[in-house]
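Read the structure below first, then the notes.
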Amino acid sequence: LFILSASHPSKELEWSYDGIDAAQETLERVERLVEQTKDRFVDAEPSLDDADIEDRIVATRVQRGIQQVTTYNEKKHFHFAVDEIEKLVSKLYWYDERDADPAVLTHGVKAVVRLLAPFAPHLADELWNRVDSGYLYEGGWPTFNESLLDERAEAIDAYFDKVRGD
């Protein structure tokens, strides 16, 4: 994960123990997220019908994350893909601290595990076995679902990210 997230494939990599520690922390955060949420997983598909704003924000962020990671992987911008996964993990931690809709939470965490698979295949497979049956690779790559997008929620989320960043 460190090598893929540290620089573009066409650039030279500057080895860093801090980078190794950061990659390990990312993987541990994903594992902790799975462990602390897996008991609340449901088989239901997420829906924006009657969803509150936090559910809409996270459902939208998950879809944008799937879209972005897919695009970055296709362009071999793996460092951006890993960064997008890290952002999604942070948003899911934020969401888990609230009254998270189990279907949205399940969808988000399972998407993170699938998105992580090209970068940490063995860990992703182990995590998948904790949250679902079967093999991770049988389910394929997560697909973008436009019905889970809410542009208003996305704008609100972007505003809060900007305010938090200032």
Side-chain angles (χ1 to χ4, degrees), residues 1 4-9 19 22-23 25-120 124 127-128 131-132 136 139-166:
L1 184 68
L4 292 172
S5 65
S7 74
H8 189 274
E25 175 59 24
T26 295
L27 296 175
E28 289 172 352
R29 286 187 76 216
V30 173
E31 184 175 23
R32 283 191 306 270
L33 179 66
V34 167
E35 284 302 310
Q36 76 184 40
T37 59
K38 70 181 181 178
D39 294 335
R40 291 176 276 145
F41 283 7
V42 295
D43 287 331
E45 289 295 317
S47 171
L48 297 185
D49 298 337
D50 301 322
D52 67 20
I53 191 65
E54 291 169 341
D55 300 329
R56 291 172 175 279
I57 286 171
V58 172
T60 299
R61 180 66 73 96
V62 170
Q63 294 312 302
R64 291 295 183 207
I66 290 169
Q67 189 179 43
Q68 288 294 329
V69 172
T70 301
T71 300
Y72 290 142
N73 282 346
E74 289 169 353
K75 294 180 178 182
K76 297 181 177 46
H77 294 293
F78 304 122
H79 55 300
F80 291 139
V82 171
D83 186 53
E84 193 65 37
I85 293 168
E86 290 172 349
K87 289 177 188 175
L88 186 52
V89 168
S90 293
K91 185 56 73 175
L92 289 166
Y93 269 106
W94 170 86
Y95 186 53
D96 188 42
E97 294 172 356
R98 283 141 183 84
D99 187 25
D101 178 299
V104 174
L105 183 64
T106 301
H107 179 69
V109 174
K110 285 183 176 184
V112 164
V113 172
R114 287 189 182 279
L115 294 172
L116 185 65
F119 307 103
L127 295 176
W128 188 257
V131 300
D132 209 326
L136 172 66
W141 189 252
T143 56
F144 176 74
N145 183 348
E146 196 167 338
S147 71
L148 293 176
L149 289 181
D150 182 325
E151 290 183 11
R152 186 175 142 265
E154 191 170 29
I156 291 169
D157 189 35
Y159 174 78
F160 284 131
D161 283 349
K162 183 179 182 321
V163 169
R164 203 174 14 250
D166 286 344

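- Between Ala120 and Leu27, the closest heavy-atom pair is CB-CD2, 3.9 Å.
- In this structure, the separation between CG on Asp161 and CG on Asp157 is 4.5 Å, given to the nearest 0.5 Å.
- Between the CD atom of Gln36 and the NZ atom of Lys38 there is a distance of 11.5 Å, given to the nearest 0.5 Å.
- Sorted by first and then second residue, the ring-ring contact (aromatic ring centres under 6.0 Å, His included) pairs involving residues 32-62 (not counting sequence neighbours) form an empty list.
- Checking side-chain atoms of Tyr95 against main-chain N and O of Glu54 turns up no donor-acceptor pair under 3.5 Å.
- Between the side chains of Glu86 and Thr26, at least one donor N or O lies within less than 3.5 Å of an accepting N or O.
- Within the 4.5 Å cutoff, the side chain of Pro46 has no heavy atoms near those of the Asp101 side chain.
- Nearest heavy atom pair, residue Leu149 against residue Leu48, reads O-CD1, 3.6 Å.
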Go through Phe144 and Thr70 one step at a time and tell me if the side chain to side chain contact (heavy atoms under 4.5 Å, CB included) criterion holds.
-> CA-CA 9 Å; Phe144 176 74; Thr70 301; over 6 Å; no

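- Here the side chains of His107 and Leu148 are in contact, with some heavy-atom distance below 4.5 Å.
- Just one of Val112, Leu88, Val82, Ile85 meets the side-chain contact (heavy atoms from CB on, under 4.5 Å) condition when paired with Val69; it is Ile85.
- In this structure, Phe160 places its CZ atom where only 12 or fewer heavy-atom neighbours from other residues, nucleotides or ligands lie under 6.0 Å away.
- Distance check: Arg114 CZ to Leu136 CG gives 5.5 Å after rounding to the nearest 0.5 Å.
- In terms of heavy-atom proximity, Ser90 sits nearest to Arg29 at OG-NH1, 3.2 Å.
- A pairwise comparison of heavy atoms in Ala124 and Ala117 identifies CB-CA, 3.6 Å as the closest pair.
- Looking at Arg61, its side chain never comes within 3.5 Å of a backbone N or O of Lys91 through a donor-acceptor pair.
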Given the rule in the side chain to side chain contact (heavy atoms under 4.5 Å, CB included) test, do Trp128 and Leu116 qualify, once you have shown the distances and angles that lead to the verdict?
-> CA-CA 11 Å; Trp128 188 257; Leu116 185 65; over 6 Å; no

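- In this structure the side chain of Thr71 never reaches within 4.5 angstrom of the side chain of Phe80, judged on heavy atoms.
- Between the CZ atom of Arg152 and the CZ atom of Arg56 there is a distance of 7.5 Å, given to the nearest 0.5 Å.
- Glu84 and His77 share no donor-acceptor pair across their side chains, judged by distance under 3.5 Å alone.
- Between Thr106 and Arg40 the shortest heavy-atom distance is OG1-O, 4.2 Å.
- Tyr72 and Asp83 are not linked by any side-chain donor-acceptor pair at a separation below 3.5 angstrom, with hydrogens and angles left out of the test.
- Summarising the geometry, atom CG belonging to Asp150 is positioned 8.5 Å from atom CD1 belonging to Ile57; distances are rounded to the nearest 0.5 Å.
- Atoms CG and CG, on Asp52 and Asp99 in that order, are 7.5 Å from each other to the nearest 0.5 Å.
- For Arg98 (side chain) and Trp94 (main-chain N/O), a donor-acceptor pair under 3.5 Å exists by modelled atom type.
- Taking all atoms of both residues into account, the shortest heavy-atom contact from Ala111 to Ile66 is CB-CD1, 4.2 Å.
- In this structure a side-chain-to-backbone donor-acceptor pair under 3.5 Å is missing from Thr60 to Glu154.
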